[in-house]
Amino acid sequence: MTIDAYINPDFTLEQKMIFLLMNIAGVLLCVFIIMGGAVISVSGVDKKNRKRYLYDKVGNRVQRFYEMIISATSVMAFSCAYIICNHIYSLLKDKAGSVEYIKFSGFISVWEGWKDFVLLLLICLSCVLNTILDKLIIPLKFINKEEKATVRMLAMFYVIFILFYLNVIGDESEYSPVMLYYLGLMVGRFVYFDASFGDFIKAIINVFKNFYLLAFGLLITGILCYFGFSNGYLLERNYYLIGAFYTHLFMLVAVFIIHHSHILYLFIRKPKDYDTRVSEGNNEYVSGEDDIYEEDGYKNAGYEEEYEDYDEEYEEYDNYEYDEYE
């Protein structure tokens, strides 16, 4: 039961660099596709405001994709921790009466009586890790709290899908307890004690609006895992879940490099008159998004001049009616 049982000691630095470059290329490919979709979606906006809207929309959509990777990595980290602890427990049980069994008897008794609570604690720690990553390590300022909550929930479904697939292909470990806990958390996101039918419908709509992020995440994970296992960077004997987790670690490093290098600004430049504001309540908000960008969680702003024109027109009409009656 050494750490070599869960890693590949022959994974050289050169191979790690190659794998990291593959991850950077994969993440960038998804980002460019998302950027292309944003460019198409703002094609109908007048040229005066198009650059500002495009900058906001690209930033929002790309950072939601980053949040998907961050959340999936956080969830998978503690899923792996649970699986490894469960595996160690199984190995020790098979050696009942041995020196190792006696040495780790405390761990065995705790795991037998409290493993469900340990899993719950690990899930809570994954939420803490997620917050540290997207607030401090890779700060995401283009998305608000509601969007983060939706993407984090999708990340749980993302991990559930991976665990279900690993069960289907016959991985030796037992993933059912982890899957059930995450499934329960997902259901709780949709149906809670004071939820209205409108809240339920809104949550469903938000999930479908962000479903393409889930598709991108699963696609890039599948390709990179296949590349890693086929080239010996990841080992089947260490469980496929461990290999998927290592892949996500490299994806997380790739997101960190891309985010802090500001490489996207070479393609989508920040407008000179860009105005950053703070929205009502606790939600973060960036400059002037209007009705057509409601899907990205922004508040309606940016038509202040138009509203002023409406006010002046209404005031003239009101004065005309008043004069007529006099």
Side-chain angles (χ1 to χ4, degrees), residues 23 26-43 54 56-76 79 126-127 130 133-134 138 140 142-168 178-192 195 197-225 244 247-248 251-252 254-255 258 264 283 289 291-298:
N23 277 267
V27 173
L28 277 176
L29 177 61
C30 292
V31 167
F32 286 139
I33 293 174
I34 292 171
M35 287 172 59
V39 170
I40 294 172
S41 68
V42 302
S43 58
L54 179 60
D56 285 342
K57 203 168 189 67
V58 168
N60 181 272
R61 289 188 175 185
V62 168
Q63 289 196 3
R64 273 187 282 161
F65 178 65
Y66 291 167
E67 179 66 27
M68 172 66 71
I69 295 175
I70 291 170
S71 299
T73 306
S74 301
V75 172
M76 198 169 289
S79 301
S126 73
C127 296
N130 199 156
L133 287 172
D134 64 21
I138 308 174
L140 305 178
F142 274 86
I143 54 179
N144 58 36
K145 290 183 178 180
E146 183 178 353
E147 288 172 324
K148 283 185 179 181
T150 300
V151 175
R152 288 184 182 187
M153 181 188 61
L154 273 176
M156 289 185 183
F157 182 75
Y158 175 108
V159 174
I160 289 173
F161 185 90
I162 292 175
L163 295 176
F164 178 77
Y165 176 76
L166 294 180
N167 268 336
V168 170
V178 184
M179 291 171 60
L180 289 175
Y181 268 91
Y182 288 141
L183 188 60
L185 289 173
M186 282 188 62
V187 172
R189 180 70 174 85
F190 289 104
V191 183
Y192 43 95
F197 182 73
D199 294 332
F200 174 76
I201 295 298
K202 184 178 180 182
I204 293 291
I205 292 173
N206 287 336
V207 166
F208 277 101
K209 284 180 178 178
N210 292 277
F211 208 77
Y212 68 95
L213 300 174
L214 177 67
F216 282 144
L218 290 172
L219 179 62
I220 189 177
T221 298
I223 293 173
L224 291 171
C225 283
T247 301
H248 279 81
M251 288 171 64
L252 189 63
V255 168
I258 295 170
L264 299 185
N283 291 336
E289 291 282 347
D291 296 287
I292 65 172
Y293 297 105
E294 257 188 355
E295 65 179 84
D296 288 330
Y298 289 115

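Basis for what follows: all heavy atoms, side chains included, without hydrogens, waters or symmetry-related copies.
Rounding to the nearest 0.5 Å gives a distance of 11.0 Å between CD1 of Ile223 and CG of Leu218. In this structure, CG on Leu183 lies 11.5 Å from CG on Leu163, to the nearest 0.5 angstrom. Atom CG in Leu29 sits 4.5 Å away from atom CD1 in Ile33 (nearest 0.5 Å). To the nearest 0.5 angstrom, Leu180 atom CG is 9.0 Å from Ile160 atom CD1. With rounding to the nearest 0.5 Å, the separation of CD1 in Ile70 from CE in Met251 is 11.0 Å. Interatomic distance, CD1 of Ile204 versus OG1 of Thr150, reported as 10.5 Å (0.5 Å rounding).
Between Thr73 and Leu133 there is no side-chain heavy-atom pair separated by less than 4.5 Å. Within the 4.5 Å cutoff, no side-chain heavy atoms of Leu214 are placed close to those of Val207. At a threshold of 4.5 Å between non-hydrogen side-chain atoms, the residues Asn130 and Val75 do not count as touching. Residues Ile138 and Leu252 have side chains in contact (heavy-atom distance under 4.5 Å, counting atoms from C-beta outward).
Gln63 and Ile143 make their closest contact through O-CD1, 3.9 Å (heavy atoms, listed as atom of the first residue, atom of the second, distance). Summarising the geometry of Ile69 relative to Val255, their closest heavy-atom pair is CD1-CG2, 3.6 Å, with the distance given to 0.1 Å. Across all their heavy atoms, Ala155 and Ser71 have their closest contact at CB-CB, 3.3 Å.
For the salt bridge (Lys or Arg N to Asp or Glu O under 4.0 Å) condition, the pairs that include at least one residue of residues 151-164, sequence neighbours left out, are Glu67-Arg152, Asp134-Arg152.
Without hydrogens or angle criteria, Tyr158 side chain to Gly217 main chain gives a donor-acceptor distance under 3.5 Å. In this structure, Ser41 contributes its side chain and Ala38 its backbone to a donor-acceptor pair below 3.5 Å.
Cys30 is linked by a side chain to side chain contact (heavy atoms under 4.5 Å, CB included) to Phe65, Phe216, Ile220, counting only residues two or more places apart in sequence or in another chain. Remark: Phe211 pairs with no residue by the ring pair (Phe, Tyr, Trp, His ring centres under 6.0 Å) rule, at least two apart or across chains. Residues passing the side chain to side chain donor-acceptor pair (under 3.5 Å) test with Tyr66: none are found, sequence neighbours excluded. For Phe164, the side chain to side chain contact (heavy atoms under 4.5 Å, CB included) test picks out Val168, Met179, with sequence neighbours left out.
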**Asked** Taking it one step at a time, do Leu213 and Ile34 satisfy side chain to side chain contact (heavy atoms under 4.5 Å, CB included)?
**Response** CA-CA 9 Å; Leu213 300 174; Ile34 292 171; 4.2 Å; yes
**Request:** Could you go through the side chain to side chain contact (heavy atoms under 4.5 Å, CB included) check for Asn206 and Met153 one step at a time?
**Result:** CA-CA 11 Å; Asn206 287 336; Met153 181 188 61; over 6 Å; no
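For the salt bridge (Lys or Arg N to Asp or Glu O under 4.0 Å) criterion with Glu146, the lone passing option out of Lys202, Arg64, Lys209 is Lys202.
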